[in-house]
Chemist: 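Here it is, the structure in full.
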Amino acid sequence: MGVASGPIRVVVAKPGLDGHDRGAKVIARALRDAGMEVVYTGLHQTPEQIVDTAIQEDADAIGLSVLSGAHNTLFAAVIELLRERDAADILVFGGGIIPEADIAPLKEKGVAAIFTPGTTMATIVDWVRENVGQRTEI
């Protein structure tokens, strides 16, 4: 029985009313350049749209970028929707302008990692590789 591997699939999303997506695009490009399949959803996505996209695209992970200060609400909504739709195996990580005091509560809610400004692209790529691993299909 052969096992075929495929690239890690990541949905990169900008939930909420953020109008600045440069960081999300930089992350999406770094993941793509590292050999991952990346779907960038664009600006002003609802948690429902993000989860729908992740399920439709058979994503391994969702990377959320939030600068608006609504990270606690938006990240929690994405995680809850994944649970409701039996897709809690999709890893959620995020970044943006997130106060240090909010990181531990976000992780308690199920966010696997938070990357703040200044994190290198190599650090993020390596973390995704180590925590998502390669997809395998039988």
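Quick note: numbers below take in every heavy atom, side chains included, and nothing from hydrogens, waters or symmetry partners.
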Chemist: Run the salt bridge (charged side-chain N to carboxylate O under 4.0 Å, His left out) test against D52 and tell me which residues pass, sequence neighbours left out.
Modeler: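 Only R85 meet the salt bridge (charged side-chain N to carboxylate O under 4.0 Å, His left out) criterion with D52.
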Chemist: Is a side-chain donor or acceptor of R129 paired with a backbone partner of A34 at a separation under 3.5 angstrom?
Modeler: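 Between the backbone of A34 and the side chain of R129 there is a qualifying donor-acceptor contact (under 3.5 Å).
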Chemist: In Å, rounded to the nearest 0.5 Å, how long is the span from NZ of K14 to NE2 of H44?
Modeler: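 Answer for the NZ-NE2 pair, K14 versus H44, is 9.5 Å.
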Chemist: Would you check if the side chain of D21 reaches a backbone N or O of L43 as a donor-acceptor pair within less than 3.5 Å?
Modeler: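 Side chain of D21 to backbone of L43, a donor-acceptor pair under 3.5 Å: no, none is there.
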Chemist: Shortest non-hydrogen contact from P15 to A13?
Modeler: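 Looking at all heavy atoms of both residues, the shortest contact is CD-O, 3.3 Å.
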Chemist: Linking I/L/V/M/F/W/Y whenever their side-chain heavy atoms sit closer than 4.5 Å, directly or via other members, would L31 and V39 fall into one cluster?
Modeler: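 No, no single cluster joins them.
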Chemist: Which pair of heavy atoms, one from E48 and one from L81, lies closest together, and at what distance?
Modeler: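 The answer is N-CD1, 3.6 Å.
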Chemist: Do you reckon V12 sits in the same ILVMFWY cluster as L91, going by side-chain contacts under 4.5 Å, direct or chained?
Modeler: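 Yes, because V12 and L91 connect within a single hydrophobic cluster, where side-chain heavy atoms sit under 4.5 Å apart.
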Chemist: Determine whether M121 and V10 fall in the same hydrophobic cluster, where Ile, Leu, Val, Met, Phe, Trp and Tyr are linked whenever their side-chain heavy atoms lie under 4.5 Å apart.
Modeler: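 Result: yes, single cluster for both.
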Chemist: Judged by atom type as modelled, is there a donor-acceptor pair below 3.5 Å linking the side chain of R9 to the main-chain atoms of V38?
Modeler: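 No, because the side chain of R9 does not come within donor-acceptor range (under 3.5 Å) of the backbone of V38.
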Chemist: Measure across P47 and L74 and return the closest heavy-atom pair with its distance rounded to 0.1 Å.
Modeler: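 So the two residues come closest at CG-CD2, 4.1 Å.
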Chemist: Between CG of D18 and CG of L67, what distance do you get to the nearest 0.5 Å?
Modeler: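 Nearest 0.5 Å value for the CG-CG distance: 4.5 Å.
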Chemist: Considering non-hydrogen atoms only, spot the tightest contact between P7 and D60 and give its length.
Modeler: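 Shortest heavy-atom separation between P7 and D60 comes out as O-OD2, 4.1 Å.
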Chemist: Among the clusters formed by ILVMFWY side chains lying less than 4.5 Å apart, do M36 and V11 turn up in the same one?
Modeler: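 Each belongs to a different hydrophobic cluster.
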Chemist: Go through it in stages, so that I can follow the logic: the residues are L82 and V78, the test is side chain to side chain contact (heavy atoms under 4.5 Å, CB included), and I'd like the CA-CA distance, side-chain angles, deciding distance and then a yes or no.
Modeler: CA-CA 6 Å; L82 288 169; V78 168; 4.1 Å; yes
Chemist: For residues 93-115, which side-chain N or O atoms pair as donor and acceptor with protein atoms under 3.5 Å away, sequence neighbours left out?
Modeler:
from: D102; atom 1: OD2; to: H71; atom 2: NE2; distance (Å): 2.7

Chemist: Could you give the distance from CG (L64) to CD1 (I50), rounded to the nearest 0.5 Å?
Modeler: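 Reported value, rounded in 0.5 Å steps: 5.5 Å.
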Chemist: Hey, what do you get for OG (S68) to CG (L17), rounding to the nearest 0.5 Å?
Modeler: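 S68 atom OG to L17 atom CG measures 7.0 Å (nearest 0.5 Å).
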Chemist: Does one hydrophobic cluster hold both I90 and F75, with members joined at side-chain heavy-atom distances below 4.5 Å?
Modeler: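 Yes, same cluster.
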Chemist: Short question: side chain of T53, backbone of Q49 - any donor-acceptor pair under 3.5 Å?
Modeler: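 Checking the backbone N and O of Q49 against the side chain of T53, a donor-acceptor pair under 3.5 Å is found.
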